[in-house]
Amino acid sequence: MSSVDTTIQLIRTGQADGATCAPELADGPWIFDSSPLPSYGPGASMGDVIPTGSPRQGQLPTEYQRASNDELHVRIRAAKATLGDRAVILGHFYQRDEVVQHADFLGDSFQLARAAQTAPNAEAIIFCGVHFMAETADILARDDQAVILPNLAAGCSMADMADIDSVTACWEQLEALYGTEPDAEGRVPVIPVTYMNSSAALKGFCGDHGGIVCTSSNAATVLEWAFQRGQRVLFFPDQHLGRNTAKAMGVPVELMPMWNPRKPLGGNTADDLDASKVILWHGFCSVHKRFTVDQIDRARAEFPGVRVIVHPECPMPVVDAADEYGSTDYIQKAVAAATEPSTFAIGTEINMVNRLAAEYPQHRIFCLDDVVCPCSTMYRIHPGYLAWVLEALVRGEVLNQITVPQDVAVPARIALERMLAARP
Ligand code: SF4
């Protein structure tokens, strides 16, 4: 199976059936680097606004823009060979194949941040993912290691939906409402829980306020931890992961009000907040929001017996209609564990789904959404940027370093350590 990049090129030139959400995906991401557009450029999150103050990428030198993919691959391999184990390249599951082929490790954000720790000689960690992932790698890295994000504009629109100022303002309103005194069982009024897909500042906020980080693999364990210590949870930024996880644990949906940061009390009444068990931040992933119950119905009609597996960032009706749901790690393991040839309809980012299809040709594996629409922020990493940062490293220059200040990194590490210590 060809890569998503190749498929988009073929669709654009009329040589392949199918549709893409944005034909501009076939262009180089550098076209959007200096764009005054307030959004992320083409792809699933193209309508999401980049917050003011988010890092923007300067123009990629033209020699990298003009180089063919073949030339870039040769240059990347040469730079990698020169650097040897002084540099480690990490590739996220949602990253394009053209970049992933150069990665030393492939995984989800937390697996990758930890994988970097297993490369003791690496002076540079090149994170082919998005901004919050590079921040987490920096929090966990040694002081003498530089974490590099090849394109600074590779943010995450979901992570950007909760910023430290809005969360702090929400917290102050909740404290004014609930006070800070624990109940008779010693549980404080509210525990903040942030999804890994959030800025370092929010992880630090959780560290400072008795809270914790979760991933999509351990969200239930983390919520259990939080309910032992708090009467309720403030969950950010992904409403869907919070709702799907808490619902599966038996929390009624009516006790999960949504917090809209633009409204007083998040758009809720004091009574609703008082009765709540989980307060959900008004955030979502634009990639996973594309999946629908209709798509599941169509897959079942066309392929009776199909196994539908979706990611918990999908909306609740989609998760409810699927056969199974779980993190990228869960999806990967579910496919790997299937002993008989099977049909899988998968609701997660298309680069990962296509890679699974190529890796397990004995199965029929397809993306629930038949429109080719990758994550627009992952799209910002292209072999041109990888070649650029690697060749700079060979010359002794560190470009695009992501550094989390110590006053944020220390409490963020506390929140991450609580997560690692939480047990089912
Ligand atoms: S897939 Fe969604 S959550 Fe993941 S990086 Fe892209 S926008 Fe962010």
Side-chain angles (χ1 to χ4, degrees), residues 4 21-22 25 29 32 39-51 54-55 90-96 99-100 106-113 127-137 149-163 194-200 202-203 213-217 219 235-242 244-245 281-291 310-315 318 325-329 331-332 346-355 367-369 371-382 402:
V4 170
C21 62
L25 281 161
F32 307 94
S39 67
Y40 285 91
S45 43
M46 69 183 120
D48 297 336
V49 173
I50 305 178
S54 283
L90 309 178
H92 191 269
F93 283 134
Y94 297 165
Q95 194 51 254
R96 54 175 97 206
V99 166
V100 158
L106 175 67
D108 65 27
S109 59
F110 194 57
Q111 287 168 342
L112 290 176
F127 211 125
C128 298
V130 297
H131 194 264
F132 76 81
M133 300 178 186
E135 283 189 327
T136 307
L149 184 64
N151 182 335
L152 290 178
C156 162
S157 57
M158 176 213 278
D160 290 343
M161 288 173 192
D163 63 85
T194 192
Y195 187 20
M196 186 63 75
N197 300 23
S198 61
S199 68
L202 291 186
K203 294 183 179 83
V213 179
C214 77
T215 67
S216 50
S217 302
F235 191 96
F236 42 86
D238 185 25
Q239 56 171 296
H240 300 298
L241 177 65
N244 289 321
T245 309
W281 197 261
H282 191 232
F284 55 84
C285 166
S286 295
V287 173
H288 291 94
K289 203 179 75 167
R290 289 180 58 86
F291 297 109
V310 302
H311 194 278
E313 289 172 21
C314 293
V318 174
Y325 72 95
S327 62
T328 46
D329 188 47
I331 296 170
Q332 171 112 339
I346 307 226
T348 196
E349 210 271 348
I350 190 163
N351 279 297
M352 171 164 167
V353 180
N354 279 11
R355 202 169 297 120
C367 186
L368 263 182
D369 184 3
V371 173
V372 181
C373 193
C375 168
S376 6
T377 55
M378 289 278 175
Y379 154 85
R380 292 296 192 127
I381 311 285
H382 176 280
I402 302 297

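Numbering of ligands and ligand atoms starts at 1, following listing order. Just so you know, these numbers come straight off a predicted model, no measurement behind them.
Of all atoms in ligand 1, listed by their number and element, those nearer than 4.0 Å to a heavy atom of V287 are 1 (S). Every atom of ligand 1 is numbered from 1 in the order shown, and the set under 4.0 Å from a heavy atom of E313 is 3 (S). If you number the atoms of ligand 1 from 1 as listed, the ones under 4.0 Å from a heavy atom of N197 come out as 3 (S).
Within the 4.0 Å heavy-atom shell around ligand 1 one finds S157.
With a 4.5 Å cut-off on side-chain heavy atoms, L90 and M133 do not count as touching. Counting heavy atoms from C-beta outward, E349 and P374 have side chains that approach closer than 4.5 Å.
Among the atoms of C156, an N, O or S atom falls under 2.8 Å of atom 8 (Fe) of ligand 1. Inclusion of H288 in the first shell of atom 2 (Fe) of ligand 1 is not supported: no N, O or S atom falls under 2.8 Å.
In this model, no donor atom of one side chain and acceptor atom of the other lie less than 3.5 Å apart for S286 and S45.
When each of D108, T377, N351, T348 is paired with Y94, the side chain to side chain donor-acceptor pair (under 3.5 Å) condition holds for T348 and for no other.
Here the closest heavy-atom approach between residue S216 and residue S327 is recorded as OG-CB, 3.2 Å. C128 and Q95 make their closest contact through O-NE2, 3.3 Å (heavy atoms, listed as atom of the first residue, atom of the second, distance).
Taking the six-membered ring where the residue is Trp, H282 and F284 present perpendicular rings, their angle passing 60° and hence far from 30°.
Proximity of E349 to ligand 1, defined as any heavy-atom pair under 4.0 Å, is not found for any part of the residue. Proximity of S45 to ligand 1, defined as any heavy-atom pair under 4.0 Å, is not found for any part of the residue.
Nearest to atom 2 (Fe) of ligand 1 among the protein's heavy atoms is C285 SG, 2.3 Å. Counting only heavy atoms of the protein, atom 6 (Fe) of ligand 1 lies nearest to C375 SG, 2.4 Å.
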